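Per chain, numbering begins at 1; letters A, B, ... match sequence-line order. In what follows, every heavy atom counts, from backbone to side chain, and hydrogens, waters and symmetry copies are set aside. Here the structure is a predicted model, which is why all the values come from computation and not from measurement.
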4 protein chains.
Amino acid sequence: MIEFRVETTSGIAPYRQIAEQVRHGLRLGILDVGDQLPTVKEVVAMVAINPNTVSKAYRELELEGLVEGRAGIGTFVTRTLAGPSLAAHGELRRTLLAWLESARRAGLDDASIDALVEHAFHDARQDGVA
Amino acid sequence: MIEFRVETTSGIAPYRQIAEQVRHGLRLGILDVGDQLPTVKEVVAMVAINPNTVSKAYRELELEGLVEGRAGIGTFVTRTLAGPSLAAHGELRRTLLAWLESARRAGLDDASIDALVEHAFHDARQDGVA
Amino acid sequence: MIEFRVETTSGIAPYRQIAEQVRHGLRLGILDVGDQLPTVKEVVAMVAINPNTVSKAYRELELEGLVEGRAGIGTFVTRTLAGPSLAAHGELRRTLLAWLESARRAGLDDASIDALVEHAFHDARQDGVA
Amino acid sequence: MIEFRVETTSGIAPYRQIAEQVRHGLRLGILDVGDQLPTVKEVVAMVAINPNTVSKAYRELELEGLVEGRAGIGTFVTRTLAGPSLAAHGELRRTLLAWLESARRAGLDDASIDALVEHAFHDARQDGVA
DNA sequence: GTGGTCTAGACCACC
DNA sequence: GTGGTCTAGACCACG
């Protein structure tokens with residue numbers, strides 16, 4: 001069962017965080033077609049937010065055609081976002097974690113790592129576009 | 001001169017995006033003590049947002065003691081966030097860009113890369129905490 | 001300015017009725033790119049429903065990429081659904097109204113006309129599919 | 001035997017869709033006094049919904065005095081909604097299908113046809129009322 | 001003032 | 001019990 005976390009200090013609307021975490025799960029193969037999402041009540045118990053906020057996230061995913069709510073049963077995945085590249089994730093993940101470890105050893109804290117990553121990715125995308 | 005970008009679709013308040021980009025610049029050594037931030041007018045010309053929004057971002061940074069507004073002149077950096085680890089950034093950045101390149105070659109699109117990175121980092125932090 | 005109507009007896013959720021009427025307007029050329037939708041408050045004054053219900057309709061349209069809400073200004077059309085067939089609408093509309101008139105003269109009430117239309121259209125779609 | 005269809009995406013409660021389709025049948029002469037409706041089990045096999053939902057639709061029709069449930073046997077039509085205009089339906093239907101065909105030839109898709117029909121009918125009723 | 005979001009509580013439809 | 005919807009009231013970000 002996928003687990004949700006909500007950072008109230010991030011400035012990102014909780015319903016967006018929930019929806020994004022589902023999309024990430026679909027992309028990483030953690031969630032697959034037919035899987036059931038936690039019920040609204042279960043999410044509420046998990047992260048202490050209002051049921052309507054969870055419903056809003058699920059409704060948005062439903063409009064995107066990713067999940068389907070079935071009254072009285074729950075909400076289920078109807079489409080995955082995982083591509084053929086999924087097989088490569090394991091190796092990439094290992095390399096990335098190794099990089100993270102080296103950054104930590106070099107004395108970078110989480111905020112610095114975030115800054116470095118976001119900056120590098122932004123530049124790379126610019127290059128890709130150019 | 002630091003450049004700002006604002007993603008209106010991200011769901012993050014524009015003033016937060018501006019402030020965060022300044023903090024990143026301070027952390028990465030792109031901005032240093034004494035440097036002048038773009039004036040409100042310059043930012044407005046750069047990213048097409050309301051001047052009040054820019055002022056709000058600068059005010060927040062001033063409250064954090066990172067910058068100082070001098071009436072009629074501009075806003076200046078008073079404190080940096082770059083640590084001793086700054087020297088290691090160049091090498092880390094190169095390795096990270098290489099990783100990014102390998103992810104692209106493996107067929108991952110931006111969204112998948114985001115998902116992978118966020119997931120790996122979250123796990124790593126959990127481990128660190130544990 | 002497009003006008004909304006909400007039938008509370010139809011069994012269709014009001015927010016769906018609002019959204020559908022906007023889509024129809026986009027399809028019939030009544031609404032075009034750049035046009036402003038009524039503000040939430042104006043709609044509330046028009047049809048006496050809760051502001052949140054209107055927001056829900058507009059948000060759904062925004063997720064579909066049809067409109068864009070700009071804080072402090074209003075909600076604006078960003079994409080039309082009108083196709084090249086738009087030019088033919090005038091003539092088709094006239095013929096359809098003539099048919100309606102003949103049905104009325106033959107003694108059909110609104111309910112019978114609805115039944116006849118829905119039945120004919122359903123059959124026609126089946127044939128089209130087959 | 002009348003056939004039912006249920007659109008789960010329409011936002012209309014399934015029990016309303018079933019009941020409405022029976023009323024349409026009564027209006028178009030497809031169902032007549034004495035005819036038996038499909039049993040709940042048959043409907044369930046036809047459209048894959050919960051038996052309770054079918055029962056609710058039949059109960060509503062019974063309250064309207066249109067059908068009568070006979071325990072252990074089935075549900076039977078007790079009143080028709082077809083008027084004297086029924087004789088004219090054939091010709092009207094043919095003309096309507098011809099109109100539909102011309103709309104298709106003009107390049108309109110189903111959604112555009114829906115928009116045009118609903119808009120024209122709404123206007124016509126307004127005129128009639130006025 | 002406008003849209004965006006969250007909370008709280010309620011009712012309905014479906015299983 | 002589960003999701004879907006509406007109402008009411010509140011706060012925030014933006015212009």
Side-chain angles (χ1 to χ4, degrees), chain A residues 6 8 11-18 36-44 48-63 67-76, chain B residues 6 8-19 44 48-57 60, chain C residues 6 8 11-18 36-44 47-63 67-76, chain D residues 6 8-18 44 48-57 60:
Chain A
V6 171
T8 57
I12 303 176
Y15 88 93
R16 275 177 184 264
Q17 296 185 39
I18 299 283
Q36 179 175 4
L37 294 184
T39 67
V40 171
K41 289 192 177 175
E42 284 169 342
V43 178
V44 166
I49 57 178
N50 189 286
N52 288 338
T53 304
V54 183
S55 292
K56 188 172 181 179
Y58 282 9
R59 205 184 315 127
E60 186 164 304
L61 293 167
E62 192 160 12
L63 286 172
V67 308
E68 184 190 34
R70 300 182 204 152
I73 309 184
T75 304
F76 297 82
Chain B
V6 171
T8 57
T9 61
S10 68
I12 303 175
Y15 85 93
R16 272 177 181 264
Q17 296 186 39
I18 299 286
V44 165
I49 59 177
N50 190 289
N52 292 334
T53 305
V54 183
S55 299
K56 186 167 183 178
E60 189 166 283
Chain C
V6 171
T8 56
I12 303 176
Y15 88 92
R16 274 177 184 265
Q17 296 185 39
I18 299 283
Q36 179 175 7
L37 294 184
T39 66
V40 170
K41 289 192 178 175
E42 284 169 342
V43 177
V44 165
V47 295
I49 57 178
N50 188 286
N52 288 338
T53 304
V54 183
S55 293
K56 188 172 180 177
Y58 282 8
R59 206 181 316 129
E60 186 164 304
L61 293 167
E62 192 160 12
L63 286 172
V67 307
E68 185 190 33
R70 300 181 204 153
I73 310 182
T75 305
F76 297 82
Chain D
V6 171
T8 56
T9 61
S10 68
I12 304 175
Y15 86 93
R16 272 178 181 263
Q17 296 186 40
I18 299 284
V44 166
I49 58 177
N50 191 290
N52 293 334
T53 305
V54 183
S55 299
K56 185 168 183 178
E60 189 166 284

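- Rounded to whole Å, the distance from CD on A/Q17 to P on E/dT5 is 13 Å.
- Nearer to the 5' terminus of DNA chain E, by closest-nucleotide assignment, is the contact made by C/Y58 (compared with the other of C/Y58 and A/T53).
- Rounded to whole Å, the distance from CG on C/L37 to P on E/dG4 is 11 Å.
- At the heavy-atom level, C/E62 lies under 4.0 Å from the strands shown only through sugar-phosphate atoms.
- One interatomic measurement links the two molecules: CD of C/E60 to P of F/dC6, which rounds to 11 Å at whole-angstrom precision.
- Among the nucleotides E/dC15, E/dT7, F/dG15, the one closest to the side chain of A/N52 is E/dT7.
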Given C/T39 and C/T75, is the side-chain contact (heavy atoms from CB on, under 4.5 Å) satisfied, shown in steps?
CA-CA 7 Å; C/T39 66; C/T75 305; over 6 Å; no
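- For the side chain to side chain contact (heavy atoms under 4.5 Å, CB included) test, residues two or more places apart in sequence or in another chain that qualify with A/E68 are A/E62, A/R70, A/T78.
- In terms of the side-chain hydrogen bond (donor to acceptor under 3.5 Å, both in side chains) criterion, residue partners of D/S10 (sequence neighbours excluded) are, by chain and number, D/Q17.
- Residue-level contact check: C/S55 touches neither bases nor backbone, having no heavy atom under 4.0 Å from any strand.
- In this structure, D/Y15 does not reach the E/dC14 phosphate: none of its side-chain N or O atoms is under 4.0 Å from OP1 or OP2.
- The side chain to side chain contact (heavy atoms under 4.5 Å, CB included) check on C/P14 picks up C/V6, C/T53, with sequence neighbours excluded.
- The distance between atom CG of C/L63 and atom C1' of E/dG3, rounded to the nearest whole Å, is 14 Å.
- A search for side chain to side chain contact (heavy atoms under 4.5 Å, CB included) contacts involving C/N52 returns C/N50, not counting sequence neighbours.
- Closest contact between the side chain of D/N50 and the listed nucleotides E/dT5, E/dC15, F/dC6 involves E/dC15.
- In this structure, the nucleotide among E/dT2, F/dT5, E/dA13 sitting nearest to the side chain of C/T39 is E/dT2.
- Nearest-nucleotide positions on DNA chain F place A/K41 closer to the 5' end than the other of B/P51 and A/K41.
- In this structure, the CG atom of A/L61 is 11 Å from the P atom of F/dG4, given to the nearest Å.
- Atom C1' of nucleotide F/dG3 and atom CD of A/E42 are separated by 13 Å, given to the nearest angstrom.
- Summarising the geometry, the separation between CD1 on D/I49 and P on E/dA13 is reported as 14 Å, rounded to the nearest angstrom.
- Nucleotide E/dA13 holds its P atom 14 Å from the CD1 atom of C/I12, rounded to whole Å.
- Side-chain proximity of C/I73 to the nucleotides F/dC6, F/dG15, F/dT2 is greatest for F/dG15.
- Using a 4.5 Å heavy-atom threshold, the side chains of C/K56 and A/K56 count as separate.
- Among the protein residues, C/R16 comes within range of the sugar-phosphate backbone only, with heavy atoms under 4.0 Å from sugar or phosphate atoms but none that close to a base.
- By the side chain to side chain contact (heavy atoms under 4.5 Å, CB included) test, B/E60 pairs with B/Y15, B/A19, B/R23, B/E64, sequence neighbours left out.
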Can you give me the dot-bracket string for DNA chain E, 5' to 3', counting Watson-Crick and G-U wobble pairs with both distances under 3.5 Å, using [ ] for crossing pairs and | for partners on another strand?
||||||||||||||.
